[in-house]
Undergrad: 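Below are the structure tokens for one structure; questions will follow.
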There are 2 protein chains.
Amino acid sequence: MATTRAGSGRVRRRPTRSGVILEPEMIIDAALRLIEAPGGNALTVRRLGVELGADPSAIYRYFRDLDALLIAIADRLIGETLAGFVPGPDWADSLRDMARRVHDSMLRHPRLAQLRAIRFTAGPNELRVDDIGIGLLLSAGFSAPDAVRHFGDFIDAVLALAAMDAAELAPGQEEADKRALAKVYATFPDEDYPHLAAVRPHLRQITASPFPGVLDKLIAALSEAVPRSSH
Amino acid sequence: MATTRAGSGRVRRRPTRSGVILEPEMIIDAALRLIEAPGGNALTVRRLGVELGADPSAIYRYFRDLDALLIAIADRLIGETLAGFVPGPDWADSLRDMARRVHDSMLRHPRLAQLRAIRFTAGPNELRVDDIGIGLLLSAGFSAPDAVRHFGDFIDAVLALAAMDAAELAPGQEEADKRALAKVYATFPDEDYPHLAAVRPHLRQITASPFPGVLDKLIAALSEAVPRSSH
DNA sequence: TACGCTTAGGTCAATGCGTTGACATAAGGA
DNA sequence: TCCTTATGTCAACGCATTGACCTAAGCGTA
């Protein structure tokens with residue numbers, strides 16, 4: 001794995017002060033246990049050390065830094081996301097379905113979402129997503145280069161918006177922000193913002209997630225862009 | 001300002017150990033100086049304390065935390081972004097132009113980009129952007145609720161993708177990631193990923209920014225969604 | 001079996017980080 | 001003059017990360 005420091009022939013294991021023999025999989029398991037513990041976001045390197053019965057710094061023998069560990073966890077979760085997904089006969093519906101699964105899985109683990117949007121995990125499951133998506137666009141009638149380009153745009157937008165939605169869930173400050181926003185939208189002076197004033201009663205809906213609307217727009221644009229000869 | 005801890009009637013100023021009288025604007029100035037210093041991302045609360053000639057914790061009398069300070073800085077930069085922008089006769093072109101300005105300004109300050117995508121700054125310039133954008137969609141012929149909804153989708157997608165692009169600039173690990181990606185795309189087994197194999201020669205272009213492509217798709221979708229009676 | 005070498009990997013101590021609670025003190029109103 | 005309190009300062013917390021150290025695991029050789 002690219003996320004471990006040493007090569008694949010790891011042999012020279014030494015027991016921890018408390019007698020445990022560390023393994024990368026053990027660390028991921030323990031980290032997931034902490035992440036999913038009640039009270040949320042209980043994962044810190046130091047706590048992970050306690051959970052494993054090892055010095056916190058031992059973790060750095062297996063993962064370059066905390067990000068690398070989180071990416072390894074994300075890689076495992078991508079697989080779970082894809083389990084049970086079978087593309088249907090309609091490419092647009094299937095693409096939409098896959099996007100929703102990715103979005104939902106990221107919202108289940110907000111802390112990982114940020115990383116997954118930004119860093120390439122280089123895991124086999126990441127490739128599976130790309131393979132399915134590009135296959136769908138090819139079946140729609142796009143040429144090879146267009147399928148690659150359009151799917152790249154599509155999946156990046158999905159990941160970026162999912163990360164955005166996930167970030168809103170994280171620290172608990174969401175409510176304060178939403179109230180501040182509602183207040184500003186209720187009190188701005190009409191003369192400074194004439195267009196906003198014209199739509200004032202509709203502004204409260206702006207707090208809704210942009211994900212469904214953007215997904216619709218992207219798929220609509222892709223449907224329009226399908227080469228005529230394939231209709 | 002919502003970002004300061006005390007009310008607007010701040011009066012009881014006390015000189016710092018080194019004789020300086022702190023002001024919110026001073027702190028923002030000093031922070032920008034550090035952010036834009038060579039070597040990048042030199043902003044830390046402790047260094048800011050040194051720069052100001054004050055104890056680092058004094059900053060927390062003016063901003064709830066580092067995020068709040070960064071948001072205040074972002075608010076100032078939004079204004080600079082908008083300076084010189086005048087909507088043209090074509091709503092779609094104007095929207096595209098505004099989106100590009102926002103995107104570019106975020107890339108100039110990657111550290112701020114993340115926050116700006118996620119947190120509402122509640123500043124007057126944020127409202128200016130919304131006012132202009134919704135005005136453009138109204139002029140295109142959208143109803144009030146549709147203009148609000150569509151613009152919300154649009155601006156959130158722009159911010160999310162800009163944050164994504166900005167994140168790629170930040171830590172310097174971009175190159176390693178890109179090479180890892182290129183390698184994976186060059187070496188995956190054909191039989192496991194048949195669709196990817198079919199487009200293999202085109203995969204290298206997937207490292208390009210998704211922003212222009214998504215922007216095109218969003219504007220295309222909006223153009224299609226304009227009510228017929230307005231054509 | 002025994003010896004010695006290399007080195008993976010566990011541990012320790014220290015760095016700088018954001019943040020907070022306790023404390024001190026001066027500004028300014030009464 | 002006194003009292004309230006805004007705000008600067010200090011010490012401390014837990015955080016991620018790193019470099020130095022140490023020790024035993026596993027190898028080659030005899």
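So that the names make sense, note that chain A is the first sequence line, chain B the second, and so on, each numbered from 1.
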Undergrad: Whole-Å distance between D/dC15 C1' and B/Leu66 CG?
TA: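 After rounding, the reported distance stands at 15 Å.
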Undergrad: Relative to the ring of A/Phe211, is the ring of A/His103 parallel (under 30°), tilted (30 to 60°) or perpendicular (over 60°)?
TA: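 Ring orientation, 0 to 90° scale: parallel.
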Undergrad: Can you figure out which of D/dT9, C/dG18, D/dC15 approaches the side chain of A/Arg47 most closely?
TA: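 Between D/dT9, C/dG18, D/dC15, the one nearest the side chain of A/Arg47 would be D/dC15.
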Undergrad: What is the minimum heavy-atom distance between B/Gly53 and B/Val20, and which atoms define it?
TA: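 Nearest heavy atoms, B/Gly53 then B/Val20: O-CG2, 4.4 Å.
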Undergrad: Report the residue (A/Thr44 or B/Ser57) whose heavy-atom-nearest nucleotide on DNA chain D is the more 5′ of the two.
TA: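 Looking at the nearest nucleotide for each, B/Ser57 comes out on the 5' side.
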Undergrad: Select from B/Pro15 and A/Ala54 the residue whose nearest nucleotide in DNA chain C is closer to the 5' end of that strand.
TA: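 Upstream on the strand: A/Ala54.
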Undergrad: Is it the case that the base of C/dG10 and the side chain of A/Arg14 share a donor-acceptor contact (distance under 3.5 Å, atom types as modelled)?
TA: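 For A/Arg14, whose side chain was compared with the base of C/dG10, there is no donor-acceptor pair (under 3.5 Å).
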Undergrad: In whole angstrom, give the distance that lies between atom CG of B/Asp55 and atom P of D/dT7.
TA: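 Going from B/Asp55 (CG) to D/dT7 (P), I get 16 Å.
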Undergrad: Going through the distances and angles, do A/Arg17 and A/Asp55 end up as a side-chain contact (heavy atoms from CB on, under 4.5 Å)?
TA: CA-CA 8 Å; A/Arg17 171 169 275 277; A/Asp55 189 276; over 6 Å; no
Undergrad: If I take atom CZ in residue B/Arg61 and atom C1' in nucleotide C/dA22, what distance separates them, rounded to the nearest angstrom?
TA: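 Atom-to-atom, B/Arg61 to C/dA22, this comes out as 10 Å.
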Undergrad: Is the NZ or CZ atom of A/Arg200 positioned over A/Tyr193's six-membered ring, under 6.0 angstrom from the centre and within 45° of the axis?
TA: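 Here A/Arg200 fails the 6.0 Å and 45° test against A/Tyr193.
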Undergrad: Does a side-chain N or O from B/Tyr60 land closer than 4.0 Å to OP1 or OP2 of D/dG8, or not?
TA: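 Negative; the distance criterion is not met.
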Undergrad: To the nearest angstrom, how far is A/Phe63 atom CZ from C/dG9 atom P?
TA: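 Distance, rounded to whole Å: 13 Å.
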Undergrad: Please determine if a side-chain N or O atom of A/Arg17 lies less than 4.0 Å away from the OP1 or OP2 oxygen of C/dC12.
TA: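 The answer is yes; a side-chain N or O of A/Arg17 sits under 4.0 Å from OP1 or OP2.
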Undergrad: Consider the side chain of A/Thr16, meaning its heavy atoms from C-beta on, and name the nucleotide among C/dT11, D/dA16, D/dG8 that approaches it most closely.
TA: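 Output: C/dT11.
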Undergrad: On DNA chain C, check which nucleotide each of A/Gly53 and A/Arg46 is closest to and give me the residue with the more 5' one.
TA: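 The residue mapped nearer the 5' terminus is A/Gly53.
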Undergrad: To the side chain of A/Leu22, which of C/dG10, C/dG18, D/dT17 is closest?
TA: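 Output: C/dG10.
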Undergrad: To the nearest Å, how far apart are B/Ile59 CD1 and C/dC17 C1'?
TA: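 It is 13 Å, rounded to the nearest whole Å.
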